[in-house]
Chemist: 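Below are the structure tokens for one structure; questions will follow.
The model shown is predicted, which means the values in this text are computed figures rather than measured ones.
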Protein chains: 2
Amino acid sequence: MNIKRIAELAGVSKASVSRVLNNHPSVSPELRAAVETVVRQEGYEPNAVARALARRRTGNIALVIPRPAQFAFGHAFLTEVMRGVGAALEAQSLGLQIITSAGPASLSAIHRDRSCDGIVFAGIWADDPLARHLDDAVVPVVVVGRPSPQLAVPFVTMDDEEGAYAATRHLLARGHRRLALVNGPASMWSVNRRRGFQRALLEAGLAFDRSLALDGEFSSDSGQRLMAKLLARPERPTGVFLASDVMAYGALAAARQTGLSVPGDLAVAGFDNFPFSALTEPPLTTVDAHAFTLGFRAAGLLLAALRGETPVESQITLPMTLVVRSST
Amino acid sequence: MNIKRIAELAGVSKASVSRVLNNHPSVSPELRAAVETVVRQEGYEPNAVARALARRRTGNIALVIPRPAQFAFGHAFLTEVMRGVGAALEAQSLGLQIITSAGPASLSAIHRDRSCDGIVFAGIWADDPLARHLDDAVVPVVVVGRPSPQLAVPFVTMDDEEGAYAATRHLLARGHRRLALVNGPASMWSVNRRRGFQRALLEAGLAFDRSLALDGEFSSDSGQRLMAKLLARPERPTGVFLASDVMAYGALAAARQTGLSVPGDLAVAGFDNFPFSALTEPPLTTVDAHAFTLGFRAAGLLLAALRGETPVESQITLPMTLVVRSST
DNA sequence: TCCCGCCCTGAAACCGGTTTCAAGGCAAGG
DNA sequence: CCTTGCCTTGAAACCGGTTTCAGGGCGGGA
């Protein structure tokens with residue numbers, strides 16, 4: 001069933017059917033009624049692809065996460081970003097296409113094949129070469145996270161240096177002096193979090209003890225392993241800041257296995273504020289990374305661009321908020 | 001930039017450019033070289049929408065979850081299903097469109113507007129009226145979960161009755177005699193889980209105590225509240241089966257607050273086996289619902305249908321596996 | 001030498017819509 | 001009564017590809 005056939009059945013032209021379907025003002029009530037009757041009888045739905053071609057708008061935007069699907073959908077931070085993007089698009093009844101595992105070739109295709117009206121780019125942590133292809137897109141692009149200081153592309157990122165700083169200051173305020181850092185793998189986020197951690201230490205007149213800073217992989221396993229390692233040291237730390245909640249879950253397990261109480265013997269602070277972090281034993285003190293908002297605002301910037309607006313601010317850095325629970 | 005312009009620049013016809021781009025066998029090396037040079041110079045990428053229209057294949061499939069995005073992307077079970085679907089599609093380099101909050105109208109549109117080549121339907125729990133529109137789709141549809149016994153639509157569901165049965169039997173085998181049930185809201189899943197629970201009790205010669213069976217909403221809050229209620233009873237249960245891990249997290253918290261030890265005073269078994277369930281204190285005994293596999297297999301059925309194959313089995317019920325940890 | 005068939009290429013039709021443009025009908029105004 | 005202009009409608013162009021079909025060139029067989 002297509003528009004031509006509907007037109008024949010209703011005894012009108014394709015153009016008229018199109019006008020009726022798009023609520024064009026200049027159609028007579030009779031014609032409208034005739035067309036609508038046929039449309040209903042036949043259960044006709046216009047072909048979305050043909051419509052997109054003619055209108056030069058697909059009505060959906062892509063969230064590109066250049067990682068395997070297995071990883072992207074299993075990652076609490078990224079699914080929260082999806083949630084934010086999805087919520088923003090839903091309000092405008094736009095479609096959401098999630099593209100995972102995009103290599104440089106397919107990425108460059110997405111940028112120029114007009115299969116979507118705009119792109120939100122997320123999940124690039126290291127200074128990825130993929131980020132270089134960002135500005136040759138033919139549709140608006142917004143990045144979650146900060147791709148690279150040079151690029152002029154709009155982005156929404158978090159102030160993770162401030163977040164790490166706040167968490168560390170909180171640990172210091174609780175009286176801890178030997179603080180450990182379990183960071184993520186080298187990436188734009190990790191560098192900032194380490195910087196915030198260090199800054200808080202220096203301001204408190206404490207030296208940054210390199211041997212108390214280890215790098216994990218954002219997994220609970222790595223958190224547990226590294227925490228165990230730190231606790232096995234002759235002078236073990238009394239507080240630890242982990243650059244991700246998931247690693248903190250591992251750290252809590254490690255403390256338990258070592259027979260230490262949290263926060264009595266060890267204060268633990270994480271970063272992300274995933275939903276589960278309120279349910280750990282004890283509930284985790286952490287920095288809320290506002291992942292949902294990151295996605296929501298990024299989609300908002302994109303929608304503004306699609307409407308042709310030029311937002312006053314197109315490079316946004318969200319402030320982080322410390323969530324104090326019982327683990328510190 | 002379009003195919004016509006490329007053709008002009010290369011001094012050939014549109015048809016030839018198309019043949020080169022699609023690796024058609026009958027093109028001379030010279031023509032191929034000429035076209036490829038221009039394509040590279042201009043950074044040309046064929047318009048995906050026009051291509052989809054001409055080919056009558058969009059190259060992407062839709063995962064429809066008729067719930068608000070806020071809910072769908074925040075739900076551990078559903079994101080696992082997404083992960084499975086995504087992983088299956090990624091292997092075939094097909095696109096994934098996630099459609100949330102589809103009301104009856106937009107749902108019927110998705111089924112017939114040819115904006116995707118196939119549909120995986122998930123997230124319907126109750127006997128939703130939406131399920132009735134399933135068979136008027138013009139593209140193949142596969143459902144995650146069992147929509148309704150009458151419908152002949154292909155589906156992949158879990159054997160949750162057996163799962164609940166296994167968990168309950170496990171609790172009984174641990175010597176518990178007063179067992180409580182915290183079920184989800186009325187839905188196709190919940191009915192089965194209750195049935196499995198009851199069957200295990202009856203087989204053990206125990207009566208099903210209606211006052212020990214409560215219905216929550218799959219949230220940790222409701223789990224905590226209902227568990228507290230159950231523990232406040234004069235004769236409190238010594239074991240509980242909760243129809244979702246998230247509710248079990250709440251139950252663990254309730255036990256802690258009541259000063260009861262798990263599994264000493266109360267054995268707790270959940271259902272889902274979310275990643276976090278290995279990290280609770282104590283780690284949670286639960287039934288693995290294989291959400292990832294549910295999505296993966298559903299996408300597999302769809303891919304088979306798209307290839308024109310008729311799978312021997314198009315209505316699949318996955319067996320559940322009990323994961324015994326320290327909470328029982 | 002002529003004819004046949006294959007290889008390569010381009011013209012044109014097609015996918016299924018939207019939009020422009022022109023024209024017919026009719027009411028209002030001069 | 002004629003002109004003007006608005007309202008409504010249809011024909012045709014267009015969006016940007018793919019695919020069919022027909023034809024030209026060329027090599028091989030008779």
Chemist: Establish, with yes or no, whether the OP1 or OP2 oxygen of C/dG17 is under 4.0 angstrom from a side-chain nitrogen or oxygen of A/Tyr44.
Modeler: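 So the side chain of A/Tyr44 is within the cut-off, an N or O lying under 4.0 Å from OP1 or OP2 of C/dG17.
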Chemist: What are the two closest heavy atoms between A/Gly59 and A/Leu94, and how far apart are they?
Modeler: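 Closest heavy-atom pair between A/Gly59 and A/Leu94: O-CD2, 3.3 Å.
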Chemist: Taking only the side-chain nitrogens and oxygens of A/Asn22, find out if one of them lies under 4.0 Å from OP1 or OP2 of C/dT18.
Modeler: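 Answer is yes, contact under 4.0 Å.
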Chemist: Please give, in whole Å, the distance from C/dT19 C1' to A/Leu21 CG?
Modeler: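 In whole Å, C/dT19 C1' lies 15 Å from A/Leu21 CG.
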Chemist: Taking the side chain as C-beta and beyond, is there a heavy-atom pair between B/Arg5 and B/Tyr44 under 4.5 Å?
Modeler: no
Chemist: Would you indicate what A/Val49 reaches in the nucleic acid, counting non-hydrogen atoms under 4.0 angstrom: base, sugar-phosphate, or nothing?
Modeler: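 The answer is nothing, as A/Val49 stays clear of every strand by at least 4.0 Å.
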Chemist: On DNA chain C, check which nucleotide each of A/Ala54 and B/His24 is closest to and give me the residue with the more 5' one.
Modeler: B/His24
Chemist: For B/Arg112 and A/Gly43, indicate whether the former's side chain and the latter's backbone hold a donor-acceptor pair under 3.5 Å.
Modeler: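 Present.
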Chemist: Rounded to the nearest angstrom, tell me the gap between atom CZ in B/Arg56 and atom P in C/dC14.
Modeler: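 It is 11 Å, rounded to the nearest whole Å.
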Chemist: Tell me which of A/Pro29 and A/Ala15 sits closer to the 5' end of DNA chain D, going by the nucleotide each one is nearest to.
Modeler: A/Pro29
Chemist: What is the distance from CD1 of A/Ile6 to P of C/dT18, rounded to the nearest Å?
Modeler: 13 Å
Chemist: Rounded to whole Å, how long is the line connecting atom CG of A/Asn23 with atom P of C/dT18?
Modeler: 12 Å
Chemist: I need the NZ-P distance between A/Lys4 and D/dA12, as an integer number of Å.
Modeler: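 It is 13 Å, rounded to the nearest whole Å.
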Chemist: What is the ring orientation for A/His111 with A/Phe121, classed by angle as parallel under 30°, tilted 30 to 60°, or perpendicular over 60°?
Modeler: tilted
Chemist: Testing the basics here: between A/Leu318 and A/Val156, what is the closest heavy-atom pair and its distance to 0.1 Å?
Modeler: CG-CG1, 4.2 Å
Chemist: Are A/Asn47 and C/dG16 close enough that a side-chain N or O sits under 4.0 Å from OP1 or OP2?
Modeler: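 For A/Asn47, the contact criterion (side-chain N or O under 4.0 Å from OP1 or OP2 of C/dG16) is not met.
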Chemist: Looking for any heavy atom pair under 4.0 Å, which part of the strands does B/Ser28 touch: base, sugar-phosphate only, or nothing?
Modeler: sugar-phosphate
Chemist: Hey, does B/Thr317 have a side-chain heavy atom less than 4.5 Å from the side chain of B/Thr157?
Modeler: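 Yes. Closest side-chain heavy atoms under 4.5 Å.
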Chemist: To the nearest Å, give me how far apart CG (A/Leu53) and P (C/dG16) are.
Modeler: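 After rounding, the gap between these two atoms is 12 Å.
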Chemist: Taking any heavy-atom pair under 4.0 Å as a contact, classify A/Leu31: base, sugar-phosphate, or nothing.
Modeler: sugar-phosphate
Chemist: Spell out yes or no: do the side chain of B/Arg19 and the base of D/dT20 have one donor N/O and one acceptor N/O closer than 3.5 Å?
Modeler: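 Pair found.
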Chemist: Give a yes/no on whether any side-chain N or O of A/Ser16 is located under 4.0 angstrom from OP1 or OP2 of D/dG10.
Modeler: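 Answer yes for this pair, as a side-chain N or O of A/Ser16 is under 4.0 Å from OP1 or OP2.
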Chemist: Give a yes/no answer on whether the side chain of B/Arg55 brings an N or O atom under 4.0 Å of OP1 or OP2 in D/dT18.
Modeler: yes
Chemist: Check the distance between D/dA11's P and A/Ile3's CD1 and give it to me in whole angstrom.
Modeler: 14 Å
Chemist: Would you kindly check whether a donor in the side chain of B/Lys14 faces an acceptor in the base of D/dG17, or vice versa, at under 3.5 angstrom?
Modeler: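 Under the 3.5 Å cut-off, the side chain and the base do form a donor-acceptor pair.
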Chemist: Once you round it to whole Å, what is the distance between P of C/dC8 and CD of B/Glu30?
Modeler: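 From B/Glu30 CD to C/dC8 P: 9 Å.
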Chemist: How is B/Val17 classified with respect to the nucleic acid when contacts are heavy atoms under 4.0 Å: base, sugar-phosphate, or nothing?
Modeler: nothing
Chemist: Return no unless some side-chain N or O of B/Arg51 is found under 4.0 Å from OP1 or OP2 of D/dG16.
Modeler: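 Checking D/dG16 against B/Arg51, no side-chain N or O comes under 4.0 Å of OP1 or OP2.
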